[in-house]
Structure formats: structure tokens, C-alpha cells
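In what follows, chains are A, B, ... by sequence order, proteins preceding strands, each numbered from 1.
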Amino acid sequence: MHFAFTEEQQQIGDAVRDALADACPAGVVRAAWAAPDTAVRSLLADLGVLGLNLPEAVGGLGLGMVDAVLPLTEAGRAAAPVALVETIATNPTLAAIGEADLAAQVATGEAFVTLRAPGGYAVDADRAALVLVVEGDRVGVVRAPRLVAQPAVDGSRRLFAVEGDVEPTDADGRELLDRAALAAAAQLVGLSHHMLAMAVDYAKTRRQFGAPIGSFQAVQHHLVDALLRVRFAAPTVAQAAWHVDAGTAEASLQVAMATSLAADAASLTARKALQVHGAIGYTFEYDLHLWMKRAWSLSAAWGDARAHRARVADHLLGAPDA
Amino acid sequence: MHFAFTEEQQQIGDAVRDALADACPAGVVRAAWAAPDTAVRSLLADLGVLGLNLPEAVGGLGLGMVDAVLPLTEAGRAAAPVALVETIATNPTLAAIGEADLAAQVATGEAFVTLRAPGGYAVDADRAALVLVVEGDRVGVVRAPRLVAQPAVDGSRRLFAVEGDVEPTDADGRELLDRAALAAAAQLVGLSHHMLAMAVDYAKTRRQFGAPIGSFQAVQHHLVDALLRVRFAAPTVAQAAWHVDAGTAEASLQVAMATSLAADAASLTARKALQVHGAIGYTFEYDLHLWMKRAWSLSAAWGDARAHRARVADHLLGAPDA
Amino acid sequence: MDLSFTPSEQAFRAEARAWLAANVPPGPYPSGDTREGYAWHVQWEKKLFAAGWSAVSWPAAYGGRDASLIAWLIFEEEYYRAGAPARVIQNGIFLLAPTLFEFGTEEQKERILRPMAAAEVHWAQAWSEPEAGSDLANVRSTAERVDGGWRVSGQKTWCTRGAFCDAIYGLFRTDPATERHRGLTYMMVDLHQPGVTVRPVERLDGDESFAEIFLDGAFVPDRDVIGQVHQGWKVAMATTSSERGLSLRSPGRFLATTTRLVDLYRRHPDPALRDRIADVWIQARAYQAYTYQTVTRMMAGGGIGADSSLNKLYWSELDLQTHTLALDLLGPQAELLADAPDAVDHAEWLLGFAFALAGPIYAGTNEVQRNIVAARVLDLPRG
Amino acid sequence: MDLSFTPSEQAFRAEARAWLAANVPPGPYPSGDTREGYAWHVQWEKKLFAAGWSAVSWPAAYGGRDASLIAWLIFEEEYYRAGAPARVIQNGIFLLAPTLFEFGTEEQKERILRPMAAAEVHWAQAWSEPEAGSDLANVRSTAERVDGGWRVSGQKTWCTRGAFCDAIYGLFRTDPATERHRGLTYMMVDLHQPGVTVRPVERLDGDESFAEIFLDGAFVPDRDVIGQVHQGWKVAMATTSSERGLSLRSPGRFLATTTRLVDLYRRHPDPALRDRIADVWIQARAYQAYTYQTVTRMMAGGGIGADSSLNKLYWSELDLQTHTLALDLLGPQAELLADAPDAVDHAEWLLGFAFALAGPIYAGTNEVQRNIVAARVLDLPRG
């Protein structure tokens, strides 16, 4: 039992963090609402993140979900306007269904593959070479999708309803959805860290009643409540990633646990961060909402906290009407 | 629309409050753990409370549930070690099933009638002239019960499992249980008021870090959270009582609403009051636990908050598996 | 205690319901917090006024119906039940008007109330300043005595719909030697004059309804001072803790929202949420019962006092719970905007959620409200 | 990252599991917080020590097994999984011993540790005083310098199982000129001597395990001072924020409780509670993951720091949620005591609920823990 990222994993995470701190300040996130990003995606390609979990044979790094946790977390911290969840989730499936050429293009950023969420939508489907869907327990491929734009709360996440002929494959649908949920959970941890940091910084400098508001117990305890949820969610994300990589029998259960905790943590942190900011946090020109909206969106897109808890409940307690 | 108790109702409530303040201090509540009370019950008989909702023909006051709300609340505030819920609930049933003589004795305190909670127990059944039970939607009478003592958390509430032949009656079971739940809700409001008052008093006098602990925001906000729940529960109890007296179609729904709010308020207030007291509140020699245990007990005996909300949910949303 | 409605209350309800049924336009409505939407809403407000429904509890002399507070609650219930448009003039009729009724001169009431209710003159509140948010007494805006009135300078912020309004009301420091609550005066300021700059500020939902208002020597004639000079804090607080505490968000709003939530559940059922849906539905009705109790006391001459803070805590937290539940029911459709083809109910739940998030912030943060209740209701020592 | 257990960790787990399976007596056990029950538990503790399981992470020289912190967590998981008796000597082995390992002399460790783990000498903590509860630095008990040691006087309170113990440890003011954190010394006090009066105090659950201890010139030899004279605060805090923060309530306890809750659900199902049951079961496992992460860091030389406060907040709130849920499942049977014929699981859920209510109070109230996290982790300004 050794519950820590390796030095290499830390270094990749730090590299992504540093690169995004330079290349993806809040202004870049905001700009992506008007014009879809290409630069940040290119940067992530250059850093190897887009091909992180593709085989080396197609230009990937040949790494796994544990290695992806910190890059995903950092992309979340920066609210990078990139559909990284979809890329990390679909990469192993591309390899499995024999789309090696496409995979190679994904690694370099030349091509993009997206995934339709169950009952929901596919991000950036208009820019995707392929849309994957899950039907039953298998992955299907939609090569010529009919798309309907579905504008949503996070203007940098461009959603589309997807219809069209589905070409069946043998690839495992549950594993694909688990990777997506887990990748979203990692991003939610990063988003939460940033929202909390913004609120803490604001609480230290904003003065009312002759003192920084961060000196008031009510404000302090709001922030501690958020910290508590984020701190205890983060290790479960790493743990779930380890189970996914190890292919254990409980991998999917671990993903459900991590995702529910990360989604709850992000929702609570968004709310507490807004409350601590007060009205300024409620404006469009202040940046907090960019992170909040991403958090709202990601915490529901791949199954919300309750949906994942229902999976755990089914496992523990049997089917609801049993 | 006139949402206020009458002056007379207030006066009865004040009289009960004053009488119990004298005759039922915490020491009397505590003593009832060792030796069942008779004195406080006599006092309530003298005040007319035991026959409050019995017909004048049998020595009662001929009043209704709205009139009973404040006496019940005050008995709760004092944690009076008297099975008043059972008396107020069963009185109208006694009249309905032709037990006039017994009813007359109940009004004077000479006799006592108890009620078995659904799936649960009957308080003071060993001292009861009659045990009522609800089977299906009707009231049944157990005249020769076999009793098994079931010691429970509140040492002044002596519970018994009841078995024996059930003599059916035509009296409405739902109405009987609604009166019981509502009477418990009124007591829970009173119990909450007292626990909150104890905690507020303690917070004003207990000093730590060079200041009364009630000056700290965290303590203040705990107490405000409890107050909020109690304040908004109380009017729903009065409202439900009005619907019961008026015999409206939504009376049972109103009882469910009031009971769920009162039970939640009492649970929260118990927890906050204990937290504000700290270790002293956790001792047997300090009085708070006498009120907390009554609150725990009453908030579950006649259906807990969730059970009553489930009734509301069934009404609003249809049956669960519909 | 009589919780049935009198024949006249029932008749009033029936009349309101019938008028609303006949006149409320079919939705969805444009947002009243955009310039175009505001103009649409003003037309609705004018129609409401013409029919005598704009401010039912006001004296008929000012365009009201002399309705009791009970009747006002009934009207609100019917208004929200009918799904009628949000009141864009509410910051006038519900926040400024009560102050005028209590502290205004006859001249002020004559001059101001009817055009306010008729949606001819539009009012925005101007309580906050950059350094006076939760700490409302930390007002920096000043008013300097000049012939016939005052010259006001400073910056007011978070003025809701301020960019579409004609005038604001708020506190100004008239005695430069004072600090905090003392030396403030309650004034109304015409925005259509030199020395006034209005900067719209977008909200996080994209609506542009906030405004920052910069004042640089704008003129306030003496007749636009409410109450005594230097006594503005008392004027502001008296009405905060009187009717305003009641009128900001009446129970009708939450009765309607939770009823619509039940309807949403029927279309998007999820058994795991039954308990929580019952809970918010019950809480909305508890808020109604509490309010009828409060209003009965007020009609007997009682005040609302710090109960207005308890009210605000209750409805703001209830509103957030309600909308969170709605989004939980909607799942993948929760995040869609109104122009998404798959949006449910024109995205009203998402918009309502965003607005509900502001509830614990505006009109005094919930932290400040808890402080007020601790001090004034529980009599706890100040921290 | 490797979340599988090494062969030696697996072997250790297997050995612990086998021994516990063979030796844990069938329940229910008497409460360790009554005098009779305590005596029963001491016999169990002696058996545990004889088999080398009393303090597995200690050096073998003191009766331990030199087990790693990971192995200790594994042992705890197995111990609670087996439903073995609560550890009545935990305030010695988990709270005092870490202090001795960090600050004690060789003589102290030689003399004190083995009899402690062997349940021959029984230790109670004595942190609180009537005026020093949450405000732990407000110690009034004094120690006066005398030949060869100190004479201690004052009142210590809430000493868990103090009425059954032989000695206490706590802080005493050795420098009368000082206030608050300065001038305190960490001392161990033998209770079997003149000048010591122990008054048992019943808890709300009826157990008599609290004690108030009145000291009136009791003698503390120099050898029973831990760390430097006047440096007691530093000694107490260093261990609070090191291993003690980890050991007070290890994850194994909550893993076992939530697993038993799942079993209770199967016997008393209620679909409306599925979501909340899954939630606490998940949280217990999150606490486990967090702890393995913390321990990995500690084994690499890191400290636990203010994380001990986050730990305490997490497990204490989780424990209360878990037991509240259990009572919700039990309905009318929830309130029954162990001697009620209808009691479920010997009333362990009610007793556990009562004990869980104390969780946010003992070992530093959760309000104080939140203050600590705000100051030390979030670096927020002090209020």
C-alpha cells in the first residue's frame, strides 16, 4: 500500500499547471465563450496530455488513468476550455476499436473525438471526427451524426444533441463511461481548488465592519466546510483511477464513489465561494462564474452525485424494489 | 382569516405554564424516572387539561385541538412526565365509542387511557384502564392486555408492548393517530423552546477565550438555526389543529406537515443545544438530557418526520411505485 | 383562530383570479432584467395599474384598493399561481413606498406614489456602495448643503435594474463629522441630470440589470429628503423591519414554485427525491402559515421587528433547496439554456437556480441576518 | 501509487484476522464505561497484550510488533471488522504514548509504556478544567516547585474513565506569573495518593465514566514531567497534530459501522433512505482513502499538521449521520434500551447515537477545529 503519486506523475501535473497558468488565464476561458478555443488544446497536445493514455505506437504516452488524474485536475483548476474529459475517456476505446490512425491524430491535436453523455449531449460534436455513444453495455460509433446545438450554462462547453446511424462495436461501454465520470471528477477537484482559493483570497482582502471578512467565524466556517469536502474527495479520485488501471472488480464502484464525492464537493464549494464573495461574485465581469458554471455542468453531465450513489446503493442494498 | 389564538386560549396556556413552572421543575421530571408521576397528572386534571377535549356532559371542557395546542406546548416546555399525548388523542374516541363513565374518570385524573403507537408501544399501559389500538382504519380496544415492559431512552416514558384480544369499534383510526401525532408535535414545539432557552442562557453566561460563548458567531448561528426551525414549525401545528377541529378534507395532510416540521425542529434544537453546552450538557446530572430524550422519543413515536413527509409525498406525487 | 377566509376575502380572491385568468399573457416572458424585456414588462405593469392591481394594499387615492394585508397576501398568491410576470417595479412599490407611507410628507406621497405604481417613474434601490455591502452603515457617499437642497457625490452599486430606472433612493452622509449610523440622510435622487453616470453591470446569468451609479454633485432638492436630515439610518431601518420584511418575497411565490416542482416531478419522476420534494413543498406552506400569523399580529397593531430577518433566512434557503431539487430532477437537461431545443420549461429552473443563489446575498447577507436575529431575538451578546 | 497490499501486509492482516476470529468473545459486551464493565474489558485488554496485539505499532521492546502505520491501520480495520470490544485503554496507548515517544525520556518509556499496553496501569486524560474547555489554554491548575518534584492543585474535569484509572496526564501552570499558553508543564499525576479526590460523573447515557478530579497538593515527582518545564503547551500541541490526530478514531471503526448499517438496512429496509446510506458508506471509505494517503506521507517523513482537525471534523460528522440513519431505519424500536425485549442489536444504535453526539464536542469542539483549519490551513486572519 503506497498512496501517493510518483515524482513523475507530480512533474507532469506541475508542468500542466505551470503551462496553463501562463497560457490559460481567466481571459482565455472567457474568450472561449465567444470563439471556440484551439490554442489551449494545442498546448495540451504539445504537453502530451491529449495522447497521455494512447499507446506509444500511435504517438501516445502509453500511460493510464492514475497518470491522468493530476493533468485533469490542473485543467480543471484552470477551467481550461477544452473537452479533455472526452479525449481521456475515448482514447482507450479508439485503440480498442482499431481506430489507430484517428488516435494518432488525436494525440497531436489534429483530430478530436467526442462522446455523447447518457441521456444527454456531446461536447464540440461539430468539430469531432467521430462521436462515440454507449448503447446497452457496448460502445457505438456515429460517423455521420445529425447535430442540434443545445446552448447550455457554460458557454465554453458547446453541447450538441446527436442522432444518426450507430455502428456497433465490442468495446465496453461501462468502462468508457467510468473513464468519463472519473475524468470529470478529477476536473471537479481542480475546479473546486480554484474556487476555494479565489474565495480565500477575497476573504483576506475584502474588509467590512473594519476587518477582513475572512476573520469572521461565519465566513471561515463556510470555507472550511468546502475545504473538508474537497480534501476528502480528492484521494478517492486517485483511488478509483488506480482501480480502473488495475482492472479490479470494484473499479466501477470506486468511480461511482469518487464521482459522487467530487460532484458534491464542487457544488458546495461553488455555493460557498459565491456566498463569501457576495454580489461581486454574481457579476459576469468577475471570473468566479466561469468556474462555477463549469462545475455545475461537469457535476451533472456524466451522472450527478445522486445517480452515482444510486449505483453504490444498488451494489450494497440490492435493487430498489427488491 | 385570523391566525391567532384567542385571549382565552392564551390564558389557559399561561395558566398551564405558570402551574407547571411551580409544580414541575426539572427535579420533578427527573424524579419520574424512578417513581412514576401522579402529582403533575393531578395538577393537569385540576387545570381541566385532562378533560379539555371531552364533552361537558362527562366533566370535560368541550374544547378542541386548537384549544389543546398551548397546554400541550406548555407541558412540553416543562417536559411534564405525563402521557398527555395519549389523553388528548384518545378523549374524543372514548366519547365516540360510548365510554362515557371512563371518560368522566379520565377528566378527573382517576383513570387513564393509553394508545399503542403503530408498530410500537403504549405508554403507562400498566396503569391504563383501557388500551386503544388502531387496526386498519378503525380503533380497537384491548381490555385485558398482556404487557411486556420495553425500557426506552426517556426513563419517564414507560413503554409496554401490548398483546391481547382486540375488540373492534367503528371509531376512526386515522383521526385518532392524527390527534396523537399533532399532540406530540405541540409538545415538541414546547420542548424545543425550552432546550433553546437553556442553550441561550448558557451561551450568555459561559465564558471562554475571555468572552461569553454566545458572542461567537458560530454559536450564535447554531442557535439561530434552531430558532428558525422552531418558529416556522409552531404556526403549522396551530393550523393543523384548526383543520382537525374544522374537519376539513386536508386535516390529515396538515397534521403530517406540522408533525414533520416539529420533529425536525426538535431534533435540530436538541443537537444544537447540546453542542452549545458542550460536555456539561452530556452529563446525567445536568437537566438538558431530560428534554433531549423526550424530544427523541416523541419525534419518532407517532411517525418520524420522514414518515409524515412520505404521507405528504404520496398525496402530492402518487404512490412511490406509480 | 379562524383560518377560513371571510366572504369578502373570498370575493377578492375570486375577482383577482378571474382578472388574472383573463389578462395574464401566455409565456414565456422576456427577462425583466434586460432593456428590451424591461420595456415589455412596463407595458404589463401599466395594464396592471389600470385595472387597479398594481398596489392593492395602497389607499385608493394613490391607485390602490385599500386592501388589507391579508388581501394583499391573497392577491400575491393568485398572482404567482397565475404565473404572471415578475414585478419589475417591485423595488419601488415594495421597498420605497412603505418608507414613504411611514415617513413621507403628504406632498411626497401625492407626487411620487401614483406614478410609481403606474410604472411611469421607475425606482431603483441604491443601498450598497463599494465599501458598504454587508456593512451598510459604512456609507461614503456625501451630500453637501446648497441652496434649496443638497449636492450628492459618491458611488452606489448593485442597483437592481438601475440602468433602466429614473431615480434611486438611498443613504447619504449629510454630516461629514460623523461616522457609521449617525449623520446619514435618506434621499431620492433623479438620475436624469448632470453629475449622474450609470454603468450597467452584467449578472452571471448574462442579464444586464445591475448598475453602478456614479454621482458627482448631482442635485437633490429638499423635497426629496425622506424623514429628518441626519436621521436616515432610523428611516431605513424602521421600514426594513416593518412591512418591507414581509413584502420582499411573499409566500405566494414559494407556493407557486413548489407546486410547479410537483408538476415537474410528475413529468420527470425520481423516487429517491420524493422526501426532499415533500419537504420543500411543506416548507413553502409553513412560510405561508407563519406569514398569515405575522400579518394577523400586524393588523392588530403589532410590528414585524427582527422577524423580517427570520423570514429572509427561511425563504432564501427554501428557494435554493427548491431549485436545486428541480435541477436534480432534470439531470442532463438541467444545464440547458432557454434557446436550447431540449430545454425544459424554457430553462426556468436553471434561471431560477441562478437567481436563488443570489437570495442568501441580497437584501442583507444571510450571515448578517443571523447576526441580527442572534442580537435582537435571542438577545445574545454582540461579538 | 500502489493500492494493493504487499505480501507482508497481507500476511499481517491474515494473522490478525485469524487471531481475532479465534479469540474475540461473542457479544454483547458490557459497557467499558461502567465499573463492572471496565473490569471485564481489562481482562480482554490483557489477553490482547499477551498475544501482542495491544499496540502493534510500538517497538517490540515495549510490547508492540514494530508494525508500520499501514499495518496499524490494517489491524484497526480487522479489529473493528471482527466486532471486538472497544479499547478502554485507548487514552493511554493512543493519546499519551505518542507524546512519550516524541518527548519522553528513555526512563519514562521503559517504566510507563509496557504496563500501559498490558492494562496494568490505567491512564486517563485530564485536559479540561471548569474554565478551560474549548479554551484549553485557560488552565488554572497549578504546580508548585517542591523538593524533588511539584505539588499540584486544581480541578480537572471530563476525565474519561477517570474513575477507574490509576493516573492522569495534563497541563499544569508551573509559572504563576504567566497566562495562557506560556508557563504550562505537561505532567503525569498518580491518583493513588493523598490530595486526590475523584468524583465520578454520570454521562447522559447513564454510564459513570466521566470523572472530576480535585487535586490539593498532590505530588508529582520530577520524573513524571514530560518534556521541558514551562513547555507543556508545545508538548501537548505537537502530539495533537502528529500521530494523535490519526489514531483517535481510525477508519476501521467507520468502515465497520457503515457495513453494519448496510446489514441493518437489509433487515429493516426503507427505500427512501438508500441515497443517504450509500452516502455514509462512501464517506467512510473516503476517510479510509484519505488516511492511507496521510499515512503514506507520514511514513515518508511528513507530518499530519492541521489535517488532524480536518480528520476530526470528518469522522465526527460522519458518525452522527450514520447513527441518525440507523435510528431512522429502526423507527419505533429506535428508542429502546438494551434490556428491552424488542431491542434491535442490543440497542447498539441508540447507544452509538448518544456517543456520536459527543463526537463534535470532545477532543476539541468542532467549532474550535474549524477555527484551527481556517487559521492554519487556509491562512485566514484570526477573528
Heavy-atom distances under 4.5 Å only: say whether F216(B) touches chain C with side chain, backbone, both or neither. neither

If I measure from the heavy atoms of chain B, does Y265(C) come under 4.5 Å with its side chain, its backbone, both, or neither? side chain

Side chain / backbone / both / neither for Q239(B) at chain C, heavy atoms under 4.5 Å: both

Closest heavy-atom pair, L223(B) versus A203(B), reported as atoms and distance to 0.1 Å, is CD1-CB, 4.2 Å

Heavy-atom distance under 4.5 Å to chain B: side chain of E317(C), backbone, both or neither? side chain

Which residue out of V373(C), V295(C), L378(C), T294(C) racks up the most heavy-atom pairs below 4.5 Å with chain B? L378(C)

Does a side-chain N-to-carboxylate-O contact under 4.0 Å join D307(C) and R231(B)? yes

At a 4.5 Å cut-off on heavy atoms, which part of A238(B) comes close to chain C: side chain, backbone, both, or neither? both

Any sub-3.5 Å donor-acceptor pair from S215(B)'s side-chain atoms to P212(B)'s backbone N or O? yes

Going by an N to O cut-off under 4.0 Å, is there a salt bridge joining R306(B) and D275(C)? no

Chain B interface, residue from T296(C), D379(C), T259(C) that has the most non-hydrogen pairs under 4.5 Å: T296(C)

Applying a strict 4.5 Å limit to non-hydrogen atoms, the region of E9(C) in contact with chain B is side chain

Salt bridge between R253(C) and E76(C), side-chain N to carboxylate O under 4.0 Å? no

Heavy-atom contact with chain C under 4.5 Å, split by part of V200(B): both

For the interface with chain B, which of N371(C), I70(C), L313(C) has the highest count of heavy-atom pairs at distances below 4.5 Å? N371(C)

With side-chain contact (heavy atoms from CB on, under 4.5 Å) as the test, would you mind laying out the steps for L261(B) and H308(B) before giving the verdict? CA-CA 9 Å; L261(B) 293 169; H308(B) 285 283; over 6 Å; no

Please check if the side chain of T365(C) supplies one atom and the backbone of I361(C) the other of a donor-acceptor pair under 3.5 Å. no

Identify which part of A4(B) has an atom lying under 4.5 Å from any heavy atom of chain C, answering side chain, backbone, both or neither. both

side-chain contact (heavy atoms from CB on, under 4.5 Å) evaluation trace for R276(C) with D328(C): CA-CA 11 Å; R276(C) 287 166 58 203; D328(C) 283 353; 3.4 Å; yes

Tell me which of these, A310(B), A233(B), P235(B), S260(B), has more heavy-atom pairs under 4.5 Å with chain C than the rest. P235(B)

Atom group of R311(B) that falls short of 4.5 Å from chain C, counting heavy atoms: neither

Residue D245(B) versus chain C: region with a heavy atom under 4.5 Å: neither

One thing to verify: whether R77(B) and E74(B) come together as a salt bridge, which I'm taking to mean a side-chain N less than 4.0 angstrom from a carboxylate O. yes

Does D264(B) pair with R309(B) as a salt bridge, N-O distance under 4.0 Å? yes

For the interface with chain C, which of H243(B), R229(B), H315(B), Q254(B) has the highest count of heavy-atom pairs at distances below 4.5 Å? R229(B)

Give, as side chain, backbone, both or neither, the part of R382(C) having an atom under 4.5 angstrom from any heavy atom of chain B. backbone

